[in-house]
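The structure under discussion appears below in the form of structure tokens.
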Amino acid sequence: MPAPTDASQPNVIRYEGGQLNVPSTPIIPYIQGDGVGIDITPVMLDVVDAAVEKAYKGQRKILWTEIYCGEKAAQHYQGEWFPEASVDALRQFKVGIKGPLTTPIGGGFKSLNVALRQQLDLYTCLRPIRWIKGVPSPVKKPGNVDIVLFRENTEDTYAGIEWEAGSEDVRKLHAFLKSELEVDGFDPSNTGIGIKPISEFASKRLMRNAIKYAIEHDLPTITVVHKGNIMKYTEGAFLGWCREVAREEFGATADEYGDLTIAQDDKTIVINEYIADAMFQQLLLTPELFSVVVTTNLNGDYFSDALAAQVGGVGIAPGANIGDEIALFEPTHGTAPRMAGLDRANPTSLLLSAEMMLRHIGWDRAADYLFGGIKSTISNRILTDDLHVNVPHSERVSCSEFGRYVIKNLKLR
């Protein structure tokens, strides 16, 4: 990673007047990632460079700089998996992209992905889910899925406020709950405890961004998903705060059924709500009814993977974590360590995340070329292992070969 760069230098993306100021040759940090990150990240860098060159003929170029997190960071920073220098670089350069990072199940260190989101206050997890023709799907009409998910990224059970069963902290908490709040009914010797914070501040800023997105992209509906029928003071409050933003900041009015409507010139945006379990059913039966979905952290994790399954799996689902100034783009799949270094992984999720990154910095023409290359390659049945096995008469290619085909097929969609 380069030495810290003065923010006044011409290659640094700056946040000014509520928007990004992007130079023609911006410095953008990337994290290779663990596991298959070693395979998919080089492909992403090559494809993005080719798309930018195709779109702008040398007038624009990304100056990539590698920063470290995860296993590779431990090698470079004497065992430190989450170096502050990398966090500082993302703060400084405003936009970054990363491969998947190791997250152990059970014991060990907590999620590096969650740590990055919390350290940088990347409170919006933005996940557009759409089908690309030619991708195998378990549902009959995957093309009906075209949904943008806004998932709150910093609170809920993912805040990491929990204690191990039998620990002294659990015993102290149990004693407090019992004596001060008259809450009992569990045995602290064999019960772990977690706390689920949901705040007005975080809920409202997420909903505010979702409404702005729907207005900017001319989308007809926003659906707030919650479990407020059971968790009234967390998920129920989330729903209430989302509705407050719509009414107080965007002038939404309620109809006889309680749905809200925001008037936009000659069009309207309808804001409705669903309980989480019912929403799972509706996303399978009538996904075409939904365009923007806003939900809490844990619910959003479930919904994003469930929706991805309908359009071909997390291997082709992109993601972004966005704050007020900083944005970090990433694939939605894990590290798949058994496939690492075999050149067999599907790079599409990371490539589509890079497409989102290009749009975020205003380089839409390059993003269009990139998506066109992916779409053309897949529609021609040129597929990596995970998709090839379910598509008759398709050509099976490696991860790096897929990238080369995408570059060959770069075109405006």
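Positions are given from 1, in the same order as the sequence printed here. What you are looking at is a predicted structure, and each value in this text was computed from that prediction instead of being measured. Note: hydrogens, waters and symmetry copies are ignored here, and every other heavy atom, side chains too, is used.
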List the steps, then state whether ring-ring contact (aromatic ring centres under 6.0 Å, His included) holds for H360 with F329.
CA-CA 10 Å; H360 181 75; F329 299 82; 5.5 Å; yes

Checking side-chain contact (heavy atoms from CB on, under 4.5 Å) for the pair L283/Q310: CA distance, chi angles, key distance, verdict?
CA-CA 9 Å; L283 290 176; Q310 291 180 233; 4.1 Å; yes

Please determine whether side chain to side chain donor-acceptor pair (under 3.5 Å) holds for the pair D169 and S167, giving the CA-CA distance in whole Å, both sets of side-chain angles, and the decisive distance to 0.1 Å.
CA-CA 5 Å; D169 287 335; S167 67; 5.2 Å; no

Give the intermediate values and the outcome of side-chain contact (heavy atoms from CB on, under 4.5 Å) for residues M231 and H226.
CA-CA 9 Å; M231 292 172 276; H226 62 94; over 6 Å; no

Go through it in stages, so that I can follow the logic: the residues are F280 and F303, the test is ring-ring contact (aromatic ring centres under 6.0 Å, His included), and I'd like the CA-CA distance, side-chain angles, deciding distance and then a yes or no.
CA-CA 7 Å; F280 272 111; F303 286 126; 4.5 Å; yes

Please assess H333 against I40 for the test side-chain contact (heavy atoms from CB on, under 4.5 Å), listing each intermediate value before the final yes or no.
CA-CA 12 Å; H333 58 73; I40 64 175; 3.8 Å; yes

Start with the C-alpha gap between I195 and E162, add the side-chain angles, then the distance that decides, and say whether side-chain contact (heavy atoms from CB on, under 4.5 Å) holds.
CA-CA 6 Å; I195 292 180; E162 61 176 0; over 6 Å; no

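Shown here is Y213, whose OH atom has more than 12 heavy atoms of other residues, nucleotides or ligands within 6.0 Å. Atom CG of L410 is surrounded by more than 12 heavy atoms from other residues, nucleotides or ligands within 6.0 Å. Shown here is E288, whose CD atom has more than 12 heavy atoms of other residues, nucleotides or ligands within 6.0 Å.
Taking the six-membered ring for Trp and the full ring otherwise, Y274 and F290 have centroids separated by under 6.0 Å.
If you check the side chains of E235 and N299, you find a donor sitting under 3.5 Å from an acceptor. A donor atom on one side chain and an acceptor atom on the other are found under 3.5 Å apart for S291 and T221. Looking at T335 and D34, their side chains never bring a donor and an acceptor atom within 3.5 Å of each other. Side-chain atoms of S304 and R127 form a donor-acceptor pair, as typed in the model, at a separation below 3.5 Å. Side chains of S86 and E84: a donor-acceptor N/O pair is absent below 3.5 angstrom, by distance only. Checking D49 against W64 by side-chain atom types alone, a donor-acceptor pair falls below 3.5 Å. A side-chain donor from one of E155 and S199 sits under 3.5 Å from a side-chain acceptor of the other. With 3.5 Å as the limit, one finds a donor-acceptor pair spanning the side chains of S189 and D187. D259 and N272 form no side-chain donor-acceptor contact under 3.5 Å, judged by distance and modelled atom types alone.
The salt bridge (charged side-chain N to carboxylate O under 4.0 Å, His left out) test with D368 is passed by exactly one of R359, K375, K411, K54: R359. Test V135, V145, V139, I132 against V311 for side-chain contact (heavy atoms from CB on, under 4.5 Å) and you get one pass: V145. Among R151, K196, R117, the single residue meeting the salt bridge (charged side-chain N to carboxylate O under 4.0 Å, His left out) criterion with D156 is K196. The side-chain contact (heavy atoms from CB on, under 4.5 Å) test with L116 singles out one residue from L101, N321, I326, and that residue is L101. With R365 as the fixed residue, the side-chain contact (heavy atoms from CB on, under 4.5 Å) test singles out one of L358, L370, L412: L412.
Counting only distance, with no hydrogens or angles, the side chain of N11 and the backbone of T25 share a donor-acceptor pair below 3.5 Å. Within the 3.5 Å criterion, the main-chain N or O of Y158 finds a donor-acceptor partner in the side chain of Q118. For Y15 (side chain) and D324 (main-chain N/O), a donor-acceptor pair under 3.5 Å exists by modelled atom type. Side-chain atoms of T348 never come within 3.5 Å of backbone atoms of I316 as a donor-acceptor pair (strictly under, hydrogens ignored). When atom types are taken as modelled, the side chain of N346 and the backbone of D386 share no donor-acceptor pair closer than 3.5 angstrom. The backbone N or O of L122 lies less than 3.5 Å from a partner atom in the side chain of N153, making a donor-acceptor pair. Of the possible polar contacts, one joining the T295 side chain to the V225 backbone as a donor-acceptor pair under 3.5 Å is found. Formation of a donor-acceptor pair under 3.5 Å by the E152 side chain with backbone atoms of T154 is found in this model. With hydrogens and angles ignored, the 3.5 Å screen pairs a side-chain donor or acceptor of S379 with a backbone N or O of S376.
Nearest heavy atoms, N229 versus K232: O-NZ, 3.0 Å. Considering all non-hydrogen atoms of both residues, L383 and S394 come closest at CD1-CB, 3.9 Å. Considering all non-hydrogen atoms of both residues, I198 and S203 come closest at CG2-OG, 3.7 Å. For the residue pair Q264 and I269, the shortest heavy atom distance occurs at CG-CD1, 4.3 Å. Taking every heavy atom of both residues into account, G319 and T332 meet most closely at N-CG2, 4.1 Å. Taking both residues in full, the closest heavy atoms of A309 and P138 are given as O-CD, 3.2 Å, listed atom of the first, atom of the second, then distance.
Ion pair K204/E249 not flagged as a salt bridge, since none of the NZ, NE, NH1 or NH2 atoms sits closer than 4.0 Å to an Asp/Glu carboxylate oxygen. A salt bridge between E330 and K98 is present, with a side-chain N of the basic residue lying under 4.0 Å from a carboxylate O of the acidic one. Using a 4.0 Å cut-off between charged nitrogen and carboxylate oxygen, R130 and E355 count as a salt-bridge pair.
Note: K212 NZ to F150 CZ = 11.0 Å, rounded to the nearest 0.5 Å. Distance check, rounded to the nearest 0.5 Å: OG1 of T223 to CD1 of I271 gives 9.5 Å. Expressed to the nearest 0.5 Å, how far NZ of K178 lies from CZ of F186 amounts to 10.0 Å. To the nearest 0.5 Å, atoms CZ (F402) and CD1 (I382) are separated by 8.5 Å. How far NZ of K227 is from CG of L298: 12.5 Å, rounded to the nearest 0.5 Å.
The aromatic rings of Y68 and H76 sit parallel, their planes meeting at an angle under 30°, below the 60° perpendicular limit.
Y56 pairs by the ring pair (Phe, Tyr, Trp, His ring centres under 6.0 Å) definition with W363, not counting sequence neighbours.
Between D184 and H174 the shortest side-chain heavy-atom distance falls below 4.5 Å.
A cation-pi arrangement is present between R205 and Y123, with the terminal nitrogen or guanidinium carbon under 6.0 Å from the aromatic centre and inside a 45° cone about the axis.
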